[in-house]
Amino acid sequence: MNAPTADWEFLLHDPGPPPPHPPRRARLLAAARTVRAARLLRRRGWPDAQRYLRTLRPAIQARWEPAEAVRLARREVLPCLTWLRLADPDALCLPRSYALVTYLTTLGLPAEVVVARQRSSIGGRFAFHAWAELYDEVLGDIQGLKAGFAELQRVGSEEVPRVEAGGPGVRGSTR
């Protein structure tokens with residue numbers, strides 16, 4: 001008699017065509033920049049890290065539709081966080097989201113770091129959190145977390161054009 005097992009295949013299923021594959025050179029450059037960014041944030045702080053991210057240029061000039069870009073970004077979360085683990089094993093939410101946005105920006109995706117404050121206080125103290133977003137989709141974190149936080153800051157590269165989900169226009173990611 002066979003013992004029942006959990007069906008984990010649903011975690012691997014991605015409906016629709018597979019997302020595009022960025023060139024290997026771009027992924028290696030993204031990994032190197034991720035390690036550099038993690039060290040910069042740890043050694044020099046958030047102001048210098050923001051300047052670096054705002055001026056970061058993509059390695060490739062790819063224009064993906066928003067849904068395709070989000071699927072690609074979700075596939076690249078694990079490789080990025082693996083590189084981050086090598087550079088900063090104790091990284092919390094800000095270094096993780098900053099590294100992910102650096103990685104995705106290098107691949108030409110207009111990701112942004114969102115820094116937010118919890119809407120309700122616990123004992124008179126507020127909790128802060130950071131996450132990565134691409135086209136209003138949370139990456140590498142819980143999808144519904146935006147409801148409990150008030151956004152304080154949003155930082156992304158000014159060099160990566162952002163395709164609007166509602167239309168064909170392109171704008172800079174400088175919200």
Side-chain angles (χ1 to χ4, degrees), residues 11 14-16 19-20 22 26-27 30-31 33-34 36-38 40-41 45-85 88 91-120 126-175:
L11 292 172
D14 186 15
R27 292 180 81 209
R33 285 182 177 177
T34 297
R36 178 177 181 215
L40 175 71
L41 178 61
W46 183 233
D48 285 349
Q50 287 179 69
R51 272 192 292 283
Y52 175 72
L53 182 57
R54 283 192 173 109
T55 60
L56 190 63
R57 299 182 79 94
I60 55 176
Q61 296 296 325
R63 303 276 174 129
W64 290 301
E65 292 297 317
E68 190 176 51
V70 169
R71 286 195 355 264
L72 169 62
R74 286 194 174 128
R75 187 185 68 204
E76 295 297 328
V77 167
L78 183 61
C80 170
L81 294 181
T82 302
W83 286 107
L84 175 64
R85 176 67 92 181
D88 188 359
L92 296 176
C93 61
L94 182 60
R96 281 194 317 257
S97 58
Y98 176 65
L100 182 56
V101 170
T102 300
Y103 189 94
L104 296 176
T105 298
T106 302
L107 297 181
L109 299 173
E112 297 169 312
V113 176
V114 178
V115 179
R117 176 186 56 83
Q118 192 174 19
R119 291 189 190 274
S120 61
F126 287 95
F128 293 87
H129 190 51
W131 62 86
E133 271 190 27
L134 178 63
Y135 297 114
D136 298 321
E137 293 282 332
V138 176
L139 300 171
D141 212 328
I142 300 167
Q143 291 299 314
L145 80 100
K146 293 194 301 186
F149 288 88
E151 183 178 316
L152 299 174
Q153 185 179 30
R154 182 177 290 267
V155 182
S157 175
E158 297 170 356
E159 304 292 329
V160 181
R162 180 179 167 113
V163 177
E164 290 297 323
V170 176
R171 71 169 177 86
S173 178
T174 59
R175 284 202 248 179

Asker: Do you know which two heavy atoms are closest between L134 and A111, and how far apart they sit?
Answerer: CD1-N, 3.8 Å
Asker: List for me each residue that meets salt bridge (Lys or Arg N to Asp or Glu O under 4.0 Å) alongside E159, sequence neighbours excluded, and say none if there are none.
Answerer: R57
Asker: Can you check whether T102's main-chain N or O pairs, donor with acceptor, with T105's side chain at less than 3.5 Å?
Answerer: no
Asker: Is the number of heavy atoms from other residues, nucleotides or ligands under 6.0 Å of R117 CZ greater than 12?
Answerer: yes
Asker: Given 3.5 Å as the limit, does a donor-acceptor pair link the side chain of T106 with the main chain of A59, or not?
Answerer: no
Asker: Could you pull out all residues at least two apart from E76 that satisfy side-chain contact (heavy atoms from CB on, under 4.5 Å)?
Answerer: P22, R27, L72, P79, Y103, L104, L107
Asker: Write down the atom of C80, the atom of A99, and the distance for their closest heavy-atom approach.
Answerer: SG-O, 3.6 Å
Asker: Do Y135 and P110 come close enough that some side-chain heavy atom pair is under 4.5 Å?
Answerer: yes
Asker: Looking at A30 and T34, what are the two nearest heavy atoms and their distance?
Answerer: O-OG1, 2.7 Å
Asker: Show me the donor-acceptor pairs within less than 3.5 Å that the side chains of residues 139-147 make with the rest of the protein, sequence neighbours left out.
Answerer:
from : atom 1 : to   : atom 2 : distance (Å)
D141 : OD2    : H129 : NE2    : 2.7
Q143 : NE2    : V138 : O      : 2.6
K146 : NZ     : D136 : O      : 3.1

Asker: Restricting to ring pair (Phe, Tyr, Trp, His ring centres under 6.0 Å), what partner residues turn up for Y52, sequence neighbours left out?
Answerer: none
Asker: Give the minimum heavy-atom separation between A49 and L40, together with the two atoms involved.
Answerer: CA-CD2, 3.9 Å
Asker: Among all residues two or more places apart in sequence or in another chain, which pass the salt bridge (Lys or Arg N to Asp or Glu O under 4.0 Å) test with R74?
Answerer: E137
Asker: Within the 4.5 Å heavy-atom criterion, are L100 and W131 side-chain neighbours or not?
Answerer: no
Asker: Would you find more than 12 non-hydrogen atoms of other residues, nucleotides or ligands less than 6.0 Å from W83 atom CH2?
Answerer: no
Asker: Contact between V160 and L109 at the side-chain level, heavy atoms closer than 4.5 Å - yes or no?
Answerer: no
Asker: Could you tell me which non-hydrogen atom of P95 sits nearest to which non-hydrogen atom of L84, and how far apart they are?
Answerer: O-CD2, 3.9 Å
Asker: R54: which residues meet the side-chain contact (heavy atoms from CB on, under 4.5 Å) condition with it, sequence neighbours left out?
Answerer: Q50, Q153, V155, E158
Asker: Quick one: does W46's side chain get under 4.5 Å of Y98's, heavy atoms only?
Answerer: yes
Asker: Is it true that atom CZ of R119 has more than 12 heavy atoms of other residues, nucleotides or ligands lying nearer than 6.0 Å?
Answerer: yes
Asker: Can you tell me how far CZ of R33 sits from CZ of R36, rounded to the nearest 0.5 angstrom?
Answerer: 8.5 Å
